Amino acid sequence: VNDSHVGGPLDRGQQARLCLVSFETFYKTYRTRLVRFLKTQASNSDWAEDVADEAMMAVWDKWDELLNYERPDSWLFKVATRKLRHLESRAREDCGLHEDVASSGSDLQFAAVTDQWVEVHLDLIAAMRSLPRRQGEVIGLHYFGGYTIAETAHILGIHEGTAKKHLNRGLENLRVSQGLPDAAKRTGRIPA
Amino acid sequence: VITEDDLRVAADTIDQTSDAELRRRFHQLKAAREARTQLEVLRQQAQLDSLELDQAAYKLAQQAEDDDDLPSAAHWYRVAAINDFADAQLKLARVLDALAGKHLTKPESQVATRQEMDLVSEAARWYAAAYAAGDIEAAEHMDNLIARHDFTRPRARPAPAADGPGSGPGTCPLGGLQKVMRLQLADATAHCSSCRACQDELITDSGGVPPAPKTPTPQPADHNCTPPRLLTDSGCTPHPGPSQPS
């Protein structure tokens, strides 16, 4: 596992800086990526949308300060990931979190109706959701967020070695994952 | 089979969406932002601050652990672990495990046993949470924890009082339950009804149930023979207890 698929730090930093011309540009650049990243992590797609909006709102409120950050987008992903985990922890305490494959599968069916990316990558997203949280986060941030392993570790507040360990274990688990049962793949989308 | 190539393909198209959809979403967010009350703004700010607190608590815990202040480390790791921050759950379990380990060499008492049980059960709970979050080594740590803390093991006896029997509060003036048990039954009962130290010893040694009086068993003349213990005789779990009255 290496950072070969992620562009050079200069390119990505430059791209991130170009988005800072206005919050609207920033929003349009990262919103879709953030929501879909969260959909691979959350067991509930509605939460992914809500958390993404709240995180974007936080960025907007903090916009002037974030202009001084090297990578404001990594702050966005950090806040969103932690907000989601907070929400899930509370729900888990109240026994209101449905993390089983069946619930996640039916949630994905609904999500696929409104999001073509989810429909196309249904198996992959189902497999990502079945991973232990830390493994899913590292893979999601590295591949979908486009962060290097060092940046991913920084966002999650863990050591780089720990991030690599989770990445390798997560990839191993993905290789043996079963994906969704065929019945769960019927999303109700009208074929083009 | 899902491979890295699948992840890369999905990553390549993750940004694809229509401009109209993005514009619509942006206007929704703008409207929601403008419609916020002052209270909602404060609530959102407080939520944001609490995210920062997790990290601060984690750092405090690390510092306390470095200073070998395990109770403080456990306190701060717990703050971070409750919100599922980084590997705080595993770190908390390790600290609680270490705190429970200190009880292995402590003299036996009801309070110490209770504290040890609480620490072990909480450590096990956090090991399980860490395992679920992806720290698979937590399973091995939990197995070791359970193996180490066998609550049926013989424990160290409390250290004897330095100034002899009756020297202070909480000690038996007659020298402890073993000596009291050699008295006549009526005298022993009368003494135990008023001696707190003997009551504690009785409850602790018998696992909460006072031993039933037994008819003295004829003993062989060999004085080297250790008298049998009451609980062992009755088929209960072996546990150090008072000697049978001779």
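Residue numbers begin at 1 in each chain, while the letters A, B, ... track the order of the sequences. Everything numeric in this text was worked out from a predicted model, so none of it was measured.
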Do B:F26 and A:R31 come within less than 4.5 Å of each other through their side chains, counting heavy atoms only? no
Chain B contacts, top residue of A:K78, A:R90, A:K62, A:E93 (heavy-atom pairs, under 4.5 Å): A:R90
If you tally heavy-atom pairs under 4.5 Å against chain A, which of B:I136, B:V41, B:D19, B:D12 wins? B:I136
Pick one of side chain, backbone, both or neither for B:A32, based on which atoms fall under 4.5 Å of a heavy atom in chain A. both
Working for side chain to side chain contact (heavy atoms under 4.5 Å, CB included), residues A:W60 and B:K30: CA-CA 10 Å; A:W60 205 347; B:K30 194 176 177 183; 3.6 Å; yes
For the residue pair A:G157 and B:A86, what are the closest heavy atoms and their distance? O-CB, 3.6 Å
Tell me whether the count of non-hydrogen atoms from other residues, nucleotides or ligands lying under 6.0 Å of CD in B:E137 goes above 12. yes
Using the rule given for side chain to side chain contact (heavy atoms under 4.5 Å, CB included), can you reason through B:L7 versus A:F144, listing the C-alpha separation, both sets of side-chain angles and the distance that settles it, and then say yes or no? CA-CA 8 Å; B:L7 288 164; A:F144 302 147; 3.8 Å; yes
Full working for side chain to side chain contact (heavy atoms under 4.5 Å, CB included) between B:L29 and A:F23: CA-CA 12 Å; B:L29 185 75; A:F23 173 73; 4.1 Å; yes
Answer yes when B:R36 and A:D61 have at least one side-chain N-carboxylate O distance shorter than 4.0 Å, and no when they do not. yes
Nearest heavy-atom contact between B:L48 and A:W75 is CD2-CH2, 4.1 Å
What part of B:Q45 is in contact with chain A, defined as an atom under 4.5 angstrom from a non-hydrogen atom: side chain, backbone, both or neither? neither
With a cut-off of 6.0 Å (strictly less than), are more than 12 heavy atoms of other residues, nucleotides or ligands near OH of B:Y131? no
Test log, rule side chain to side chain contact (heavy atoms under 4.5 Å, CB included), inputs A:V176 and B:V1: CA-CA 6 Å; A:V176 297; B:V1 176; over 6 Å; no
If you compare all heavy atoms of A:P132 against all heavy atoms of B:A132, which two are closest, and at what distance to 0.1 Å? CB-O, 3.6 Å
Which one wins on heavy-atom pair count under 4.5 Å against chain B: A:T40, A:I139, A:L124? A:L124
Does a sphere of radius 6.0 Å around CD in B:E140 hold more than 12 heavy atoms from other residues, nucleotides or ligands, not counting ones at 6.0 Å or beyond? no
Determine yes or no for a side-chain-to-main-chain donor-acceptor pair under 3.5 angstrom, with A:W117 supplying the side chain and B:T17 the backbone. no
Between A:E24 and B:R25, is there a salt bridge with N-O shorter than 4.0 Å? no
Measure the shortest side-chain to side-chain distance between A:Q116 and B:Q16 over non-hydrogen atoms and say whether it is less than 4.5 angstrom. no
Salt-bridged, A:R82 to B:D54, with N to O below 4.0 Å? no
Mind listing the closest non-hydrogen atom pair of B:I2 and A:D123 along with its distance? CD1-O, 3.7 Å
Mind ranking A:H86, A:Q135, A:H121, A:E137 by heavy-atom pairs under 4.5 Å with chain B and telling me who comes out on top? A:H86
With distance as the sole test, does A:R85 use its side chain to make a donor-acceptor pair with the main-chain N or O of B:D84 at under 3.5 Å? no
What part of A:E172 gets closer than 4.5 Å to chain B, counting heavy atoms only: side chain, backbone, both or neither? neither
Does any backbone or side-chain atom of B:A129 lie under 4.5 Å from a heavy atom of chain A? Answer side chain, backbone, both or neither. backbone
For A:M57, is there any backbone N or O sitting under 3.5 Å from a side-chain donor or acceptor partner on B:R33? no
Looking at B:T13, B:T3, B:V9, which one has more heavy-atom pairs under 4.5 Å with chain A than the rest? B:T13
Need one label for A:R169: side chain, backbone, both or neither, based on atoms under 4.5 Å from any heavy atom in chain B. side chain
Heavy-atom proximity to chain B below 4.5 Å, by part of A:R33: both
Does the pair A:R133/B:D135 count as a salt bridge with the N-to-O cut at 4.0 Å? no
If you measure from CD on B:Q47 to NZ on A:K83, what distance do you get to the nearest 0.5 Å? 4.5 Å
For the atom pair OG1 (A:T81) and CG (B:L51), what is the distance rounded to the nearest 0.5 Å? 10.5 Å
